[in-house]
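Sequence lines set the chain letters: A, B, ... in the order given, protein chains first and strands last, and positions in each chain run from 1. Values below: all heavy atoms of this structure, side chains included; hydrogens, waters and symmetry mates excluded.
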Amino acid sequence: MVSILVIDDSVFSQRVTADLIKKMLPEAEFHFANDGEQGLEAYKELNPDFVFLDLLMPKLNGLDVVRLLRKYDAGANIFVISADVQKSVKDKAVELGVMEFINKPFTAEKAELTAKIIRERINEAG
Amino acid sequence: MYYDIITELFNISVGKAAGILSEIVNRKIILDVPEIKLILKEEDAVDLDACISDKISGALMVSSISFENNLKGKANLIFPTEKMKKFIHLCMNEEVAGKDDFFSISEEEMDFTPIDFDVIMEIGNIVLNCIMGEIGNFLKVNFNYSLPDVKIFDRQTFYNDSENDGYSHVLVLHITFVIDEIEIEGAIIVDLTLSSIQILLEKIKELEAEFHV
């Protein structure tokens with residue numbers, strides 16, 4: 001079982017992300033949070049294997065969530081899924097050590113690539 | 001020359017947004033920007049009215065995102081409300097009617113649910129981020145965005161809202177959005193402060209100078 005926490009203030013995007021990943025990783029179990037603060041709390045409570053994180057969210061934005069998650073768990077596996085196409089924003093996220101920066105919309109092709117990275121990470125961890 | 005460059009920048013970014021929309025609904029979408037106008041609100045209020053009225057009928061569904069940092073303003077994606085319900089079904093991969101009655105829906109179907117608003121807000125967020133972000137990448141300006149918003153306006157309320165938002169200038173892009181051979185006329189309106197217009201023109205001047213090196 002792979003546990004995945006999706007942190008996104010759009011229920012539509014949560015659904016798209018989970019549906020597409022579920023097709024590639026049927027064994028995945030999903031949890032959802034609707035803003036940055038809720039996401040941080042959910043992470044501490046659930047300790048998921050992977051996080052799918054939006055950037056523009058109420059209460060706590062995604063980049064701040066990455067910073068706080070890193071303090072709490074330096075090894076957190078974080079994928080950013082964002083509508084923001086600005087190079088400067090992507091550079092900041094990569095600097096903070098996210099696994100991949102994926103631009104919305106999340107598609108079947110992007111889900112396939114993400115599932116491949118997840119499988120590789122699981123295999124590495126043994 | 002400035003006008004040519006800004007038109008080209010918006011054409012490129014809107015083209016990318018069309019590709020993104022196609023990915024979302026899994027259908028071929030053509031987005032065209034036939035004209036762009038820069039309007040000074042105080043002097044040309046009637047002009048803004050004419051720009052919208054000519055192209056879009058009925059109530060307006062407006063998806064917005066505000067931005068600040070190098071430039072300060074608000075980008076709005078505007079479509080006629082009556083065309084959006086079926087579009088939402090497409091985004092959700094739900095069953096839609098045949099092509100002939102693709103965008104004709106009954107009155108009871110016109111009620112928008114919270115999920116419908118969420119879908120339009122997210123689509124507007126993705127499209128407007130694509131358009132503004134690509135232009136920012138070209139002109140080397142950064143934006144900090146506020147949370148996206150979506151509202152349904154009658155025409156007059158929209159004009160009143162736009163007149164009182166504190167922005168002096170507005171860039172109006174008429175867009176034609178073709179999905180399954182059906183045309184939807186819409187608009188992208190970017191409200192900007194006077195200083196933002198000046199910075200925008202300065203950045204375009206720098207870009208133009210790079211072309212001539």
Please check if the number of heavy atoms outside [X] that lie under 6.0 Å from its [atom1] is greater than 12.
{"X": "B:F138", "atom1": "CZ", "result": "no"}
{"X": "B:E206", "atom1": "CD", "result": "yes"}
{"X": "A:K90", "atom1": "NZ", "result": "no"}

Between atom [atom1] of [X] and atom [atom2] of [Y], what is the distance when rounded to the nearest 0.5 Å?
{"X": "B:C130", "Y": "A:N103", "atom1": "SG", "atom2": "CG", "result": "8.5 Å"}
{"X": "A:K104", "Y": "B:I126", "atom1": "NZ", "atom2": "CD1", "result": "6.0 Å"}
{"X": "A:F12", "Y": "B:D116", "atom1": "CZ", "atom2": "CG", "result": "11.0 Å"}

Residue [X] versus chain A: region with a heavy atom under 4.5 Å:
{"X": "B:I65", "value": "side chain"}
{"X": "B:I123", "value": "side chain"}
{"X": "B:M92", "value": "both"}
{"X": "B:I115", "value": "side chain"}
{"X": "B:N142", "value": "both"}

Whether the side chain of B:D118 engages the backbone of A:S10 through a donor-acceptor N/O pair (distance < 3.5 Å, no angle test) should be reported. no
Give the minimum heavy-atom separation between A:P105 and B:I24, together with the two atoms involved. CB-CG1, 3.4 Å
Is any side-chain heavy atom of [X] less than 4.5 Å from a side-chain heavy atom of [Y]?
{"X": "A:L56", "Y": "B:N125", "answer": "yes"}
{"X": "B:Y145", "Y": "A:D84", "answer": "yes"}
{"X": "B:E134", "Y": "A:Q86", "answer": "no"}

Under 4.5 Å from any heavy atom of chain B - which part of A:D9: both
Contact class of A:T107 relative to chain B, heavy atoms under 4.5 angstrom: side chain
Evaluate the side-chain contact (heavy atoms from CB on, under 4.5 Å) criterion for residues A:K110 and B:E23: first the C-alpha distance (whole Å), next the side-chain angles of each, then the deciding distance (0.1 Å), finally the verdict. CA-CA 11 Å; A:K110 291 172 187 175; B:E23 285 181 355; 4.0 Å; yes
Between chain B and each of A:S13, A:A83, A:A108, count heavy-atom pairs under 4.5 Å; write down the option with the most. A:A83
